[in-house]
Amino acid sequence: MKKIWSRMKNYFKRLPMRIKLTVSFSGPMILIFILLLSCSYMLIEKRYEAQIIYSADQSFEQAVNFLESHLQNMNYILELVGADRELQDMLEEGNYLTRQEAGDQWRDYWRINDIMTSLEFSDKMYQCGIYVPDSLVYAYNRYHFFPESDLQKKPYYEEMCGRINQGLLYFTGLERSGPELVGEKQLRVAMLKKIYGEAGSGSSCIARVSVSSDELERIVANSDVTQKGISYLINQRGEILAASSQENLDELSGKGSLPGHGRNSSWQELRMGGSAYLYRQRKLEQAEWTLVSIIPRQDFYRQTYLMGMTLIFFSVLIVLSIFLISWLLGKYYSKRLVTLNTKMKQVQDGQLSLEIPEEESDEIGELFRSFSYMTKELRKLMLEQYRLGKNVKSAELRALQAQINPHFLYNTLDLINWEAMDYNAPEIMELAQNLAQFYRISLNKGRQIVRVREELNHVRAYVRIENYHFDNAIRLEIDAQEGVEELSCINIILQPFVENAIMYSIARAPDMVECRIRISAVTEGKDLIFCITDNGLGMTAEQVAHIFEENTCEISHGYGAKNVNFRIKLCYGEEYGVFYESQVGKGTTVTVRLPALTPEEAEKILYIDS
């Protein structure tokens, strides 16, 4: 025994700390589990019955509401039948029910049939009709027309006549009705009412509207919430009109007398065949129907799987509690090392801005201080490297801006000389002004940020100069949304695409009469969108796909698409830049996407930490 105990101790010593803590505290956790389980069992046992009663009440009230809604709809249809002008006129004639000619009878049939059909609704849920003398050729239709002899055969005929003659409603029991020609007959319950001609004169007849027993059974079935329970609808004559389950109804009927037509009541105790039940009933005054719901006491304990689910739930809960307590203890004993390990992993993931907590003056505290010093030094090195990188990027931008081709300036100066020699006219002044404006905006005192208005003026100056080369064959259209011209952009991002539009259209196709260029500037959400469209030679899909892989624009054409795209992404990020759409022979559309910023906001973003 001692040897076994010694082996267990040695084995326990070799276990990790977390497992030791789990085993050490499993006893208290199991005790917690037993207490929770006991309390839960008693709570569920008490609340389960209340939950079933509550669900049964809700379903019962809902069924009552649906039944009352059907009764109101049926009564409303009868009111419509009695108020129908055409039917009142027919009743006022006094002799339409006794006409002898077959042709007249069939004309009456179709007139009344159309009236009844128009009053039916809800997908034939309700069936509307009237009782007519047996002598009429359509009396046995039993869909919209019923023979008066059907009423005389009913055992409750005298009671029915008494109520109907007083202008009251009367409800039949279950009876089959439907078109005899196709044999479609359903069990239905009908509401009867006598209707008269206008102002009570002329003839009268009994109108009826019925609802199928299937609809009543559907409503009653929804009020039953237990497996062996039963809900049924019974009238004042003791006839069951609908039941949620005929099998359960027969089983309960064999045990004793079921509750019948009666007054409203809450849940009451009932014993039948040695079994205990709860029952509730509600009387529907308008139809003298009673809805009865019966729940066996046994059903309160039948669904024991709920208790099993509760046990599983609390089992999972206690297991989680065991691991939670073990984890808390492990954190208490080793939280300093865990914290240091976490900080190291964060540094490995690139998080250098860490707050290192103050530690005690022991070995672990020394590790914390050394690690804190190392992190601060590493952060300084990273910041220094970042500043160097920003300086390199700024230098690259300045180098790109320095690539403005002087060849364009030389050609323009040469044009100015020729204009002076040939015309001795004021065109020289205009050309010089456009050239001055072009280079003033291009250089921008060494800064990259300009307003959209200035960038558009830069393009206008460029096109005016180029029109001297091409005899005013370039047509420039600029459409700027209101307020856009006050936003900012980096300079010289539109002129290269205008230059390409000219060089790859009218410059290479001398037979082209006119070069049309359209620039639109709009905001889209938080972005600023430029669209430059031309009618030039266009490009193939392969050329568009590789346009940024190599500098497809000649050096003499300015920055080129690649340089503009690089500057935008360098300043604002990868989600911004230049996008091409082109078709050979149909021209090119260039979309330039930038963030919609004011000059102040753009300056902060562009020159921060530079």
Side-chain angles (χ1 to χ4, degrees), residues 9-26 29 319-402 446-449 490 526 548 562-563 565-577 594-595 597-598 600-610:
K9 288 175 62 178
N10 293 331
Y11 178 76
F12 185 78
K13 290 179 180 179
R14 291 193 297 269
L15 291 175
M17 180 62 69
R18 292 295 177 87
I19 297 179
K20 292 178 182 178
L21 294 173
T22 301
V23 173
S24 299
F25 286 89
S26 59
M29 293 299 102
V319 170
L320 292 176
S321 299
I322 291 173
F323 283 103
L324 177 61
I325 293 175
S326 299
W327 178 80
L328 290 174
L329 289 172
K331 182 180 179 181
Y332 174 77
Y333 289 112
S334 58
K335 63 180 180 180
R336 296 167 68 194
L337 290 176
V338 170
T339 301
L340 181 59
N341 185 50
T342 302
K343 297 296 183 181
M344 289 181 175
K345 289 182 178 179
Q346 291 175 344
V347 172
Q348 291 176 2
D349 294 336
Q351 301 180 30
L352 299 179
S353 299
L354 300 176
E355 291 293 333
I356 307 299
E358 293 292 333
E359 280 291 326
E360 302 174 8
S361 299
D362 55 11
E363 289 81 358
I364 298 178
E366 289 295 327
L367 288 175
F368 267 96
R369 282 185 286 275
S370 298
F371 177 71
S372 177
Y373 175 78
M374 180 191 68
T375 304
K376 290 179 181 178
E377 290 298 317
L378 182 60
R379 185 163 59 246
K380 290 180 181 179
L381 291 175
M382 293 293 292
L383 290 175
E384 184 64 25
Q385 184 67 26
Y386 174 74
R387 292 191 184 94
L388 291 175
K390 291 287 287 186
N391 291 335
V392 170
K393 290 182 179 179
S394 299
E396 291 176 351
L397 288 175
R398 287 192 290 270
L400 287 172
Q401 289 180 324
R447 301 191 66 83
Q448 297 189 64
I449 300 300
I490 55 177
K526 296 183 178 180
F548 296 123
K562 181 178 179 181
N563 283 345
N565 187 55
F566 173 75
R567 292 176 63 209
I568 293 174
K569 292 184 179 297
L570 186 63
C571 293
Y572 300 116
E574 290 296 324
E575 64 269 28
Y576 299 102
L594 306 170
L597 303 172
T598 63
E600 294 76 13
E601 292 172 339
E603 291 285 348
K604 290 180 181 179
I605 292 177
L606 192 61
Y607 297 107
I608 187 171
D609 292 333
S610 60

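Atom set for the values below is all heavy atoms of this structure, side chains included, hydrogens, waters and symmetry mates excluded. On a predicted model such as this, the values are computed, not experimentally measured, just so you know.
Taking every heavy atom of both residues into account, Asn565 and Gly577 meet most closely at OD1-CA, 3.4 Å. Of all non-hydrogen atoms in Pro595 and Tyr572, the two that sit nearest each other are CG-CD2, 3.4 Å. Taking each heavy atom of Cys571 and Ile490 in turn, the nearest pair found is SG-CG2, 4.3 Å.
Shown here are the salt bridge (charged side-chain N to carboxylate O under 4.0 Å, His left out) partners of Glu574, two or more places apart in sequence or in another chain: Lys569.
Distance check: Thr598 OG1 to Ile449 CD1 gives 10.0 Å after rounding to the nearest 0.5 Å. Atoms CG and CD1, on Leu594 and Ile568 in that order, are 5.0 Å from each other to the nearest 0.5 Å.
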